[in-house]
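Comments concern the structure below.
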Amino acid sequence: MSMLAANQRLLVIVPAFNEEASLANVIVELRAALPGVRVVVINDGSHDATQQVAEGAGTQVVNLPYNLGIGAAMQTGFIVADEEGFDFAVQVDGDGQHDPREIGRLLQPLLDGTADVVVGSRYLVGPGYVSSTMRRTGIRILAACITVLTGQRCTDATSGFRAANRRAIKLCAAYYPPDYPEPESLVVFRQVGLRAQEVPVSMRARTGGKSSITAARSGYYMLKVLLAIGVMMLRRAPRLREV
């Protein structure tokens, strides 16, 4: 990628669970937007052709033995990034919602040295895409809670379109929330002194598969996330110097 220095390396992590319908196009878009970029697909115990699609596209694939969830999938990707010495890692979901052409927007604050983690927010400058009113309401409540807990403005606590620098990669490789990683990790980053920042991005409807968070389950999901964050804050936070 032209904005990276010659000695800087970027890994794109694509967590995927039953994304055979959308994954091939995601990889095509990544290669068009970032020629030569390294992509690793974390196949989270899919029981469709996700593995075969990823391998057929010529990407590195790490197969988890069964469905461990997005937290474990992303931590696996961060371990790859850490062990292989990547300077930056970007999460792009396998469902087609994230536009790889906007990755540069995520990376810029990392390159400027103003952030350690950058989150792409669909609500920072407008209403953004979301599937249902109930889910939008849940996201807003979560964002308000994260804002209070961290003291930093949060508008999109559930966004998985993210970029991390080397410091954040090392932390996330050693510890990443397993259950609700997007909102929980924002609290962890604040606890350990990592700087998180939002940038505006657009998001699209998924091009295949279906979300595990349906409209009917949005309220239940929100309550579980808030409970998980409360329990997490009672535990000792990980320390950057320990990783």
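FYI, the numbering just counts along the sequence from 1. The figures here come from the full heavy-atom set of this structure, side chains too, leaving out hydrogens, waters and symmetry mates.
Checked by atom type and distance alone, the side chain of Thr50 pairs as donor or acceptor with a backbone atom of Glu19 at under 3.5 Å. A donor-acceptor contact shorter than 3.5 Å links the side chain of Gln75 to the backbone of Ala173. Proximity of a side-chain donor or acceptor of Glu102 to a complementary backbone N or O of Ser202 within less than 3.5 Å is detected. Side chain of Arg166 to backbone of Phe86: a donor-acceptor contact under 3.5 angstrom is found. Using modelled atom types, no side-chain atom of Gln91 and backbone atom of Phe161 make a donor-acceptor pair closer than 3.5 Å. A donor-acceptor pair under 3.5 Å is absent between the side-chain atoms of Arg105 and the main chain of Gly120, judged by distance alone. Using modelled atom types, no side-chain atom of Asp93 and backbone atom of Asp95 make a donor-acceptor pair closer than 3.5 Å. Between the side chain of Arg9 and the backbone N or O of Glu84, at least one donor-acceptor pair lies under 3.5 Å. In this structure, the side chain of Asp156 engages the main chain of Arg122 through a donor-acceptor pair within 3.5 Å. In this structure a side-chain-to-backbone donor-acceptor pair under 3.5 Å is missing from Ser46 to Asp48.
Interatomic distance, CG of Asp87 versus CD1 of Ile169, reported as 7.5 Å (0.5 Å rounding). Put simply, CG on Leu10 and CG on Leu110 are 10.0 Å apart, with the number rounded to the nearest 0.5 Å. Rounded to the nearest 0.5 Å, atoms CD1 (Ile146) and OG1 (Thr155) are 12.0 Å apart. Note: Thr147 OG1 to Leu142 CG = 10.5 Å, rounded to the nearest 0.5 Å. Of the inter-residue distances, the one linking Cys154 atom SG with Gln197 atom CD reads 13.0 Å to the nearest 0.5 angstrom. Here CD of Glu20 is found 9.0 Å from CD of Gln52. Values are rounded to the nearest 0.5 Å.
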Atom pairs and distances, side-chain donor-acceptor, residues 63-73, under 3.5 Å, sequence neighbours left out:
unit_1: Asn63; atom_1: OD1; unit_2: Asn43; atom_2: ND2; d: 2.8
unit_1: Asn67; atom_1: ND2; unit_2: Asp44; atom_2: O; d: 3.2
unit_1: Asn67; atom_1: ND2; unit_2: Asp44; atom_2: OD2; d: 2.7

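Scanning both residues, Val26 and Gly94, for their nearest heavy atoms gives CG2-O, 3.8 Å. Across every non-hydrogen atom of Glu198 and Arg153, the tightest pair is OE1-O, 4.2 Å. For Val199 against Pro109, the heavy-atom pair with the smallest separation is CG1-CG, 4.0 Å. Shortest non-hydrogen contact noted between Met203 and Ser159 is CE-OG, 3.2 Å. When every heavy atom of Leu186 is checked against every heavy atom of Ala157, the shortest pair comes out as CD1-CA, 4.0 Å. The shortest non-hydrogen separation linking Ser185 to Pro177 is N-CG, 3.8 Å.
Residues Asp116 and Arg195 are paired through a salt bridge, judged by an N-O separation under 4.0 Å between the basic side chain and the carboxylate. Using a cut-off of 4.0 Å between Lys/Arg side-chain N and Asp/Glu carboxylate O, Lys170 and Asp82 are scored as salt-bridged.
Criterion: ILVMFWY side-chain heavy atoms under 4.5 Å apart, direct or through other members. Under it, Phe17 and Val62 are not part of a common hydrophobic cluster. Both Val118 and Met3 are assigned to one and the same hydrophobic cluster, defined by single-linkage of ILVMFWY side chains at heavy-atom distances under 4.5 Å. Hydrophobic clustering (ILVMFWY, side-chain heavy atoms < 4.5 Å, transitive): Phe189 and Leu149 are in one cluster. Hydrophobic clustering places Leu4 together with Val39 (ILVMFWY residues linked when any side-chain heavy atoms are closer than 4.5 Å, directly or through intermediates). Cluster annotation: Val14 and Ile79 are assigned to distinct hydrophobic clusters (Ile/Leu/Val/Met/Phe/Trp/Tyr, side-chain heavy-atom contacts under 4.5 Å, transitive).
With a 4.5 Å cut-off on side-chain heavy atoms, Val37 and Ile103 do not count as touching. Asn18 places a side-chain heavy atom less than 4.5 Å from the side chain of His47.
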Show your working on side chain to side chain contact (heavy atoms under 4.5 Å, CB included) between Asp99 and Val201 and close with a plain yes or no. CA-CA 8 Å; Asp99 187 344; Val201 297; over 6 Å; no
